[in-house]
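Here the structure is laid out as structure tokens; the discussion comes afterwards.
Values in this document were obtained by computation on a predicted structure and should not be read as measured data. What you see below is based on every heavy atom in this structure, not just the backbone, and it leaves out hydrogens, waters and symmetry mates. Order of the sequence lines fixes the chain letters, A, B, ..., with proteins taken first and strands second; residue numbering starts at 1 for each chain.
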Amino acid sequence: MGLDLKGLLTKEKTRLEAFSSKVIAVDAYNTIYQFLAIIRGPDGTSLSDSHGRITSHLSGLFYRNINFLSLGIKPVYVFDGKSPSLKSAEIARRKQIKKDATVKYERAVAERNLEDMRKFAQQTTSMQDGMVDDAKHLLGLFGIPYIQAPSEGEATAAHLTKTGLAYAAASQDYDSLLFGTKRLVRNFTNSGRRKIPNRNTYIEIEPEIIDTQKMLDDLGITKEQLVDIGILIGTDFNPDGFDRIGPKTALKMIKEHGKLEEVPQIQEELVQINYNEIRNIFLNPNVADVSEIKFDAVNYSEIVRYLSEERSFSKERLESSLSRLHKSTERRSHSLEQWFA
Amino acid sequence: MVFSAKTSGSDEWKAILSAISTLVEEATFEATAEGISFRGMDPSHVALIDISWPNSAFEKYECDGDIKFGVRIDEFSKLIKRSDKTEAIEISLSDNMLLISIGKNKQYKMRLIESSATDTPLPKIPYDTRISLATGLFDKILGDVQVVSDYLTIKTNATKSEFSGKGDSGEVLISLQKQQDELSEISVKEESIGTYSLEYLNPIVKAVGTASGSIVCEYSSAKPLRIEFKVANMGRIHFYLAPRVES
């Protein structure tokens, strides 16, 4: 579910090109999960290879990264490690949603209801064994670095922006704001029309960037207070949040009283959660210690071999996409940024 | 707050707007007592335009503060294009609208956009090489190179500049000496070689084109190029372009 900070945020619309020559820490699980959910046929079946293994994530990563590299963007993928134990309720909740969706999916199959089949198949999306290794293997062939976080990936992504190794963290979730990322990019992909899941309507999707310090200044709060607001609304570590408190009310309470312990009307609920531990997860997160991020050359021939021979992709389509990448990297100019002293 | 700026003809605005339109769709101008200025980069941050239009270049200029106004370049251009070469243009601001008077009896009002201007810095580069040539000649060289290549390489030593390009179909080399009808100025601290994308160079040179008689190119090996266009009655346009990535 993730943190619902909508309404409190000052987002600025931007374009993918604006991230040219910048290192962006991409939330790997979030990205792969989206590919698995979206890259499906009309009846909800995933792409798969000749052994029946799912390849939706590889297809998504292939095209997305060609796009990034063509524009000179430098993505570094951050993979989640072990979740803090406080996350177990949220994980159980997600499992239950998938279980329910599986039942509904099977019913839709029996009724041959194509629309429902796709809808519920999407909700059953889960990461399976091997997918993370597949993804890491493909990223390696692209010369794109990845980082294994010890705990929450978004914490390590945020840390990379703090140490200056990355310009921004990219994720659809807002959690990295609580982890203190300098900037968060959402919709980190090309602008275009996207279908809203489960509805027959389309919306215009374009990249947007949130500058955390600017957001805190606009709201007139500290980063510690932002974490407290997050806890009131509900984080992955207390997914239900507080009874009938949304973003606006949470902001008002914290601005008025300073911190959770001082808000009189929530004290009864507050004692039931481990709020100090949650604060600690966000404010003193367990992160990977990274001193350098290195990009390698793209191994064109091995990408074609791996995806066509082992994962049943069309060789022709791989080659035409990769030749587009090759051309654009040949033609590219530097960014002026490095001469701004 | 008082602001109005009047030019005796429309060429200056046409040159400026078409120059800016090669890089961005929306622009924020800044007006102060000293004049009007603009600075902006293309979305990939490969090229930058820095325009300085001093008050002395206007027929009439008045500004008693520091004003920023944002416009959509294509809309502004469309309106300015409704003027003849010799018609005076006067702009002023009122209620979030830009008033544009053309000639004696035409006035447009154009909605301003929220200016999203962040301060764009300028690249700091010591330039080793400086050459000066006619804009028309430079435009011709770009055309000559473009038939075989996507980029232009400039190599300059104390006596000559070599403009070259290389593509799948072949190569081109154009050599200019220091003499009046070729390079009117060469000044070289160190022999320099730089390669720049025609994708950016061509449109800007075409855009400013005849409004500018001559240009000054300054660059250093593997560093950005700066072109100064001198536009009569206007001041100057600086165009910065990052070098191409060597593969």
Open item on the list: Counting neighbours of NZ on B/Lys140 that are heavy atoms of other residues, nucleotides or ligands and sit closer than 6.0 Å, is the number greater than 12?
Closed with: no
TODO: Over all heavy atoms of both residues, which pair between B/Arg244 and A/His334 is shortest? Give the atoms and the distance, please.
DONE: O-CD2, 3.7 Å
- [ ] To the nearest 0.5 Å, tell me how far A/Trp339 CH2 sits from B/Leu48 CG.
- [x] 13.0 Å
Open item on the list: Can you tell me how far apart NZ (B/Lys223) and CD (A/Gln338) are? Round to the nearest 0.5 Å.
Closed with: 10.0 Å
Open item on the list: Counting neighbours of NZ on B/Lys166 that are heavy atoms of other residues, nucleotides or ligands and sit closer than 6.0 Å, is the number greater than 12?
Closed with: no
Task: Proximity breakdown for B/Tyr151 and chain A, heavy-atom pairs closer than 4.5 Å - done: neither
- [ ] Among the options A/Ser21, A/Gly72, A/Ala18, pick out the one with the most heavy-atom pairs lying under 4.5 Å from chain B.
- [x] A/Ala18
- [ ] Might you confirm whether atom NZ of B/Lys160 has over 12 heavy atoms from other residues, nucleotides or ligands at distances under 6.0 Å?
- [x] no
Open item on the list: I'd like to know whether CZ of A/Arg305 has more than 12 heavy-atom contacts from other residues, nucleotides or ligands below 6.0 angstrom.
Closed with: yes
- [ ] Determine whether more than 12 heavy atoms belonging to other residues, nucleotides or ligands lie under 6.0 Å from atom NZ of B/Lys206.
- [x] yes
Open item on the list: Would you say that more than 12 heavy atoms from the other residues, nucleotides or ligands in this model lie under 6.0 Å from the CD of B/Glu162, or not?
Closed with: yes
- [ ] Measure across B/Val46 and A/Ser333 and return the closest heavy-atom pair with its distance rounded to 0.1 Å.
- [x] CG1-CB, 3.5 Å
Open item on the list: To the nearest 0.5 Å, what is the distance between CE on B/Met41 and CZ on A/Phe340?
Closed with: 4.0 Å
